[in-house]
Protein chains: 2
Amino acid sequence: MVTKGDVFDPNCPTRVILDRLGDKWTVLVVLRLRSGPQRFTELRDAIGQVAPKVLTQTLRRMERDGLVTREVFPEIPPRVVYTLTPLGTSLIDPISVLTDWAETHLPAITSAQATYDANA
Amino acid sequence: MVTKGDVFDPNCPTRVILDRLGDKWTVLVVLRLRSGPQRFTELRDAIGQVAPKVLTQTLRRMERDGLVTREVFPEIPPRVVYTLTPLGTSLIDPISVLTDWAETHLPAITSAQATYDANA
DNA sequence: CTGGATCCTCCAAGATACTG
DNA sequence: CAGTATCTTGGAGGATCCAG
């Protein structure tokens with residue numbers, strides 16, 4: 001049974017989620033797929049300089065977690081389309097809360113850092 | 001100027017925040033300090049097996065970011081108390097959204113993983 | 001008690017090249 | 001086009017000992 005108190009258990013679900021969100025690309029993939037299914041190359045180009053190996057790793061892990069589906073069309077050249085699952089879509093709101101917080105408080109953080117560094 | 005669209009800019013504020021939340025201990029420190037100021041050892045004991053060096057690094061970074069204050073009492077033995085700043089306190093809500101999401105959807109994720117692994 | 005100093009491990013991430 | 005194969009690396013995290 002999972003309770004609110006076990007965030008301090010190393011196997012706590014929140015820790016698992018934060019591991020995912022903490023990686024470099026998962027959140028960006030979610031935000032890209034928000035506007036609809038995308039092909040591998042579309043994701044790569046949109047997200048920026050990400051090595052194909054890394055993007056593949058990210059997408060595979062997201063597929064395993066049930067956040068995206070991977071659809072292969074057996075054509076030449078091959079076409080692979082990634083789509084957010086309902087589970088993946090449900091992550092958009094929590095992510096938005098974070099981005100909103102980040103954008104709201106960035107000035108305060110930057111300012112705090114400047115003050116801290118000045119006294120160093 | 002910071003806009004919603006620049007999540008794909010490597011210097012995007014959201015990326016910075018996610019880097020923090022993605023580390024192993026910051027979120028746990030926030031949740032501990034939620035119930036009030038704590039001493040170094042109290043934090044260490046409550047959070048679990050964290051090396052003092054690592055906890056110090058975490059706390060220093062949080063102090064630099066303006067999330068906590070560090071108060072040293074020049075006594076023997078020394079006493080150091082960490083307290084959430086208003087900025088740090090404002091992080092509790094976004095974190096709660098994440099923990100709620102995690103706890104709600106953990107079964108779905110676990111199930112998805114099991115299905116994925118079974119077909120491997 | 002707090003946490004600095006030192007050394008070590010591990011792995012996400014990246015660069016590059018290649019293939020069905 | 002959508003990856004895989006291989007090699008490399010930076011830095012978070014950890015273990016241990018020591019000091020004010």
Side-chain angles (χ1 to χ4, degrees), chain A residues 8-12 15-29 32-33 37-65 67-83 116 120, chain B residues 8-12 15-29 32-33 37-65 67-83 116 120:
Chain A
F8 300 97
D9 174 345
N11 295 330
C12 159
R15 302 278 281 267
V16 178
I17 302 308
L18 285 171
D19 276 350
R20 295 296 186 273
L21 268 46
D23 77 34
K24 212 167 172 181
W25 306 112
T26 298
V27 169
L28 296 184
V29 169
R32 275 312 292 185
L33 292 183
Q38 301 261 308
R39 303 179 57 169
F40 186 86
T41 307
E42 289 172 330
L43 282 173
R44 186 174 54 77
D45 292 347
I47 285 177
Q49 302 317 315
V50 54
K53 189 199 72 170
V54 176
L55 183 57
T56 299
Q57 284 176 347
T58 302
L59 289 167
R60 288 286 196 283
R61 185 170 46 217
M62 295 177 70
E63 188 193 3
R64 177 170 184 268
D65 289 344
L67 300 179
V68 301
T69 55
R70 178 172 177 270
E71 205 175 357
V72 183
F73 296 85
E75 311 166 351
I76 306 283
R79 182 161 57 100
V80 178
V81 173
Y82 293 91
T83 310
Y116 184 93
Chain B
F8 300 98
D9 174 344
N11 294 332
C12 160
R15 301 278 282 267
V16 178
I17 302 307
L18 285 172
D19 276 350
R20 294 296 185 275
L21 299 188
D23 79 32
K24 210 167 172 179
W25 306 112
T26 297
V27 169
L28 296 184
V29 170
R32 275 312 291 185
L33 293 182
Q38 302 261 309
R39 302 181 58 170
F40 186 86
T41 307
E42 289 173 329
L43 282 172
R44 185 174 55 76
D45 293 346
I47 285 177
Q49 302 317 316
V50 54
K53 189 199 73 171
V54 175
L55 183 57
T56 299
Q57 283 176 346
T58 303
L59 289 167
R60 288 288 195 281
R61 185 171 47 217
M62 294 177 71
E63 187 192 4
R64 178 170 183 266
D65 290 344
L67 299 179
V68 301
T69 56
R70 177 172 177 271
E71 205 174 357
V72 182
F73 296 85
E75 311 165 351
I76 306 284
R79 182 161 56 102
V80 180
V81 172
Y82 294 90
T83 310
Y116 184 92

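Since the model is a prediction, treat every value here as computed from it, not as a measurement. Protein chains get the first letters and strands the later ones, always in sequence-line order, with residue 1 at the start of each.
- Using a 4.0 Å heavy-atom cutoff across all strands shown, Arg60(A) reaches sugar-phosphate atoms only and no base atom.
- Phe73(B) comes within contact range of no nucleotide atom at all, as no heavy-atom separation falls under 4.0 Å.
- Taking Arg20(B) as the reference, Asp65(B) meet the salt bridge (Lys or Arg N to Asp or Glu O under 4.0 Å) condition, with sequence neighbours excluded.
- A distance of 8.5 Å separates CG in Leu21(B) from CG in Leu21(A), rounded to the nearest 0.5 Å.
- Across the interface with DNA chain C, nearest-nucleotide mapping of Gln49(A) and Val80(B) shows Val80(B) to be the residue nearer the 5′ end.
- Between Val50(B) and Arg79(A), the residue anchored nearer the 5' end of DNA chain D, judged by the nucleotide with its closest heavy atom, is Arg79(A).
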For a quick test of your reading: what N or O donor-acceptor pairs under 3.5 Å do the side chains of residues 70-77 of chain A make, sequence neighbours left out?
residue: Arg70(A); atom: NE; partner: Tyr82(A); partner atom: OH; Å: 3.3
residue: Glu75(A); atom: OE1; partner: Arg79(A); partner atom: NE; Å: 3.4
residue: Glu75(A); atom: OE2; partner: Arg79(A); partner atom: NH2; Å: 3.1

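- Within the structure, the salt bridge (Lys or Arg N to Asp or Glu O under 4.0 Å) test picks out the following pairs touching residues 38-63 of chain B (sequence neighbours left out): Asp23(B)-Arg61(B).
- Residues passing the side chain to side chain contact (heavy atoms under 4.5 Å, CB included) test with Pro37(A) are Val81(A), Thr83(A), sequence neighbours excluded.
- Atoms NZ and CG, from Lys24(A) and Asp19(B) in turn, are 8.0 Å apart once rounded to the nearest 0.5 Å.
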### Query
side chain to side chain contact (heavy atoms under 4.5 Å, CB included) between Leu28(B) and Leu43(B): does it pass, once the steps are laid out?
CA-CA 9 Å; Leu28(B) 296 184; Leu43(B) 282 172; over 6 Å; no
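- Scanning for side-chain hydrogen bond (donor to acceptor under 3.5 Å, both in side chains) contacts around Arg15(A) gives an empty result, with sequence neighbours left out.
- Put simply, chain B comes within 4.0 Å of DNA chain D, heavy atom to any atom, from dG13(D) to dG20(D), going 5' to 3'.
- Atom CG in Leu33(A) sits 10.0 Å away from atom CG in Leu67(A) (nearest 0.5 Å).
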Can you tabulate the close N/O pairs, meaning under 3.5 Å, that link protein atoms to atoms of nucleotides 18-20 of chain C?
none

### Query
Given the rule that a pair is Watson-Crick or G-U wobble with both distances under 3.5 Å, how would you write DNA chain D in dot-bracket, using | for pairs to a different strand?
||||||||||||||||||||
Collect all protein-nucleotide pairs involving nucleotides 10-13 of chain C in which both atoms are nitrogen or oxygen and the distance is under 3.5 Å.
residue: dA13(C); atom: OP1; partner: Lys24(A); partner atom: N; Å: 2.7

### Query
Going through the distances and angles, do Arg32(A) and Phe8(B) end up as a side chain to side chain contact (heavy atoms under 4.5 Å, CB included)?
CA-CA 9 Å; Arg32(A) 275 312 292 185; Phe8(B) 300 98; 3.3 Å; yes
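- Going from atom CZ of Phe40(A) over to atom CG of Leu55(A) covers 4.5 Å, rounded to the nearest 0.5 Å.
- Residue-level contact check: Arg44(A) touches neither bases nor backbone, having no heavy atom under 4.0 Å from any strand.
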